Each structure stands twice: as C-alpha cells, then as structure tokens.
Amino acid sequence: APPLITLEEHFVSGKIHGATDRYQAAFGELLPKLQSLGEERLKDMDDGSLNLQVMSHTPVNAPADECRQANDELAEACRSHPTRFAGFAMLPMHEPAAAADELERTVKQLGFVGALVNNHIEGTFYDDEKFWPVFERAVELDVPICLHPTFASEAMLPHYKGNYPDKTAFGLSTAAWGWHTETGLHILRLFASGLFDKLPSLKIVIGHMGEMLPFAFDRILPMSKGWGDRERDLKMVWHENIWITTSGYFSLAPLACLLQVSSIDKIMYSVDYPFSMNDKGLAFVKEMQGSDLVNDEQLEMICYKNAERLLKVRVE
Ligand code: GRE
Ligand code: ZN
C-alpha cells in the first residue's frame, strides 16, 4: 500500500476537565489508547502501516485555558515524534475571538496544521456570524477547519428517544445516525448562510465518507438553488471548499458514491482511531487497491498526497 496519513485520530487530555471521566464512562476499554501520546499509539500506527497521524482531542467543549493546555500537551508529543504525529488544535468555540487567537498561536508557535472543532455548541451551529472570525483566521493562516460530530444538545436528545432503552437512543444520537446527519446538516447550513461567499478560499474537512451528503447530493442540489443569492452553487462549494475523509467507514459502497460526486483531489484516507483501528483501515486500503474504483494514482492521492498538499506536510 502507499504511505498513509490519517486526520481524524483522537486523544483525551487530562488537562480537559471532565473529559477523562466522560470517556471512561462511555468507552472505558479505549481509555488507555485515547490517553497514549507515545508508545501504544505508535505501535497501533505500525500495525496499520500508518506513517503520519494528525491528532485531535475528542469532542468536549472546554474553556480557553484548558484548550491551551491540551494543545501544549499535544504539541509536546508532536515535537517528540515529528515524523509520526501532527496536531489539530482544540478551540474554545464558545469564545470566538479567543478561539481565533488560539488557532493562530497553535499554527504559528506550535506548528499545528489546522483545527478540529465540535459540530455545534449545545445546538448552536457556526452559520451564526459570531463564529466567523474563527473561519476568517483559518483563511488568513491557510489552514483547514475540521468539523467533527459532537454529542446531541439537551434540546435535540428527545428526538432520539423512543420505545427502546436509553442505550439505543444514545447509539442513534451518536455514531449510528445523529452525529452524521447533524454534521451533514451543518455543511448545508454553512452554505446557506453565505459563509463560502464571504470566505471563498475557506477549507473545511468532514469525515465519515461525507456525513451522508454524497448519497443525498442530487436531491439536495436543486433545492439548494433557492437558498439565497449565492455567488457559487452548492456543487461548486462542495468541489472547491470541502475535503472529505473516509474516517470510520471501511466499505466500498459509500466510497463508490463519494467518488461519483466529489473531486478525487478532495478525498482523503482516515481511520478515527481509536474508535476504529488502524489495521482495519489498512485492510480497507488494500480492498480499495484491489477494486476497480480507483487506479494507482488515485489511490495515492487518497492515501497521502491530498493530505500532504492540504496540510503542507510530507511523509517520510
Ligand atoms: C469519534 O470521535 O469519532 C468517536 C467518539 C466516541 C465514540 C465513537 C467515535 O468520540 O467514533
Ligand atoms: Zn472522530
């Protein structure tokens, strides 16, 4: 297989209040992997023939000082293993001015390659202009912002509750459905708000084979023409501003759909470690390689070349 870069790979920092407890409760057996910024993580990377992992914190809304501390901790790990680790910043999005400044600090002083932000703050999405200074700063710094699913707000939770146990509702509100539909919705909201007219070179990354948007694209597109007086239509924005990773998905059917609606230079491999494992990712890379969906050159773009260009990194 070609060299591999992954971009949705998580850790949990002891500096973030409540984060360890939350992940202990929900994903206890994964906690050692989430906490590892060294040996165990590197071993798992080797198991998946993974060259470079871009790390980010798991979804938690944290105050600015805790974000700074977690980012410093991540930067230290990246300094210790500069050829294996890179960082996406954790930002206090509820304080947009501080979030923009922290993005700048982490990129300029810590060498981070962008940020990964939660999909919403208790149900408030970033089509609200108060958040746009963060996107403006990302454009100035020429780094991407990854929109990552986060836990449903209190107001959204009843939407997932039904005639089944709460554990089922939790699954429905997270990785089985809600995380992805809500992140797909967010991309459409950002488009409809005119954000991409204001910032035509903004770079947004989404995971999970496009958060359900590729499958629905041909139904959404004609309707989206009525969403305000946009300079570029949704299709142009999709091709020019949105990068998509394969994180958490390891099958050819969604990839085939993604390839049909997207530009090959916007598709990037990722795993979503440790919620998915790197060896499973490697098996999928080999499956892609053996399929007739992509040729060798396209596979290289997906595996590392597109990420190298977007993040301005090189694999060794
Ligand atoms: C993720 O960040 O993608 C994630 C979690 C928790 C469980 C599963 C998962 O944060 O994919
Ligand atoms: Zn993730």
Side-chain angles (χ1 to χ4, degrees), residues 4-14 16-37 41 44-45 48 50 52-62 67 70 74 85-91 93 113-122 144-153 156-157 160 166-184 186-187 204-213 243-251 254 268-281 284 307:
L4 297 173
I5 299 176
T6 55
L7 301 86
E8 189 190 317
E9 320 304 325
H10 304 299
F11 78 107
V12 166
S13 169
I16 303 296
H17 182 77
T20 304
D21 290 349
R22 174 162 217 170
Y23 279 84
Q24 172 71 53
F27 310 100
E29 77 285 2
L30 293 178
L31 201 58
K33 291 191 187 303
L34 282 163
Q35 288 174 321
S36 170
L37 292 170
R41 186 173 291 265
D44 287 345
M45 286 170 65
L50 182 49
L52 179 71
Q53 195 185 61
V54 188
M55 275 189 275
S56 49
H57 203 278
T58 52
V60 185
N61 289 320
C67 288
L74 176 55
F85 296 154
F88 278 139
M90 179 181 205
L91 302 178
M93 288 300 282
V113 293
L116 182 140
V117 301
N118 296 329
N119 190 47
H120 60 83
I121 300 168
E122 275 301 304
I145 301 285
C146 308
L147 274 187
H148 187 275
T150 194
F151 298 96
S153 65
M156 289 189 277
L157 272 177
Y160 297 102
D166 280 354
K167 194 165 182 293
T168 307
F170 180 75
L172 282 171
S173 75
T174 56
W177 192 257
W179 274 3
H180 306 302
T181 56
E182 288 171 11
T183 307
H186 199 169
I187 291 293
I204 298 287
V205 180
I206 54 175
H208 311 106
M209 296 276 189
E211 308 290 18
M212 303 193 179
L213 292 169
W243 276 252
I244 304 103
T245 83
T246 63
S247 64
Y249 280 62
F250 304 94
S251 48
M268 303 182 292
Y269 176 62
S270 285
V271 169
D272 207 353
Y273 177 88
F275 304 108
S276 301
M277 290 298 282
N278 301 326
D279 55 351
K280 190 174 178 187
F284 179 53

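In listed order, ligands and their atoms are each counted from 1. Because the structure is a prediction, the values reported are computed rather than measured. Hydrogens, waters and symmetry mates play no part in the numbers below; they use all other heavy atoms, side chains included.
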Within the protein, flag every N or O under 3.5 Å from an N or O of ligand 1, and note the pair and distance.
from, atom 1, to, atom 2, distance (Å)
ligand 1, 2 (O), His10, NE2, 3.1
ligand 1, 2 (O), His148, NE2, 3.1
ligand 1, 3 (O), His148, NE2, 3.4
ligand 1, 3 (O), Asp272, OD1, 2.9
ligand 1, 3 (O), Asp272, OD2, 2.8
ligand 1, 10 (O), Tyr23, OH, 3.2
ligand 1, 11 (O), Asp272, OD2, 3.2

> Looking only at atom types and distance, does a side-chain atom of Trp179 sit under 3.5 Å from a main-chain N or O of Thr150, one as donor and one as acceptor?
Replying inline: yes

> Side-chain contact, heavy-atom cut-off 4.5 Å: His208 with Thr246?
Replying inline: no

>> For Phe170 and Phe151, take the angle between the two ring planes, folded into 0 to 90°, and tell me which bin it lands in: parallel under 30, tilted 30 to 60, perpendicular over 60.
In response: parallel

>> My understanding is that only residues two or more places apart in sequence, or in another chain, count here; which of them pass side-chain hydrogen bond (donor to acceptor under 3.5 Å, both in side chains) with Asn118?
In response: Asn61

> Any side-chain heavy atom of Leu4 sitting closer than 4.5 Å to one from Met45?
Replying inline: no

> Given NE2 of His10 on one side and NE2 of His148 on the other, what angle do they make at the Zn ion (ligand 2), to 10°?
Replying inline: 90°

> Do Met90 and Ser56 have side-chain heavy atoms sitting under 4.5 Å apart?
Replying inline: no

> What is the ring orientation for Phe275 with His10, classed by angle as parallel under 30°, tilted 30 to 60°, or perpendicular over 60°?
Replying inline: tilted

> Of all the N, O or S atoms in Asp272, which one sits nearest to the Zn ion (ligand 2)?
Replying inline: OD1

> With respect to the Zn ion (ligand 2), what is the nearest N, O or S atom of Glu8?
Replying inline: OE2

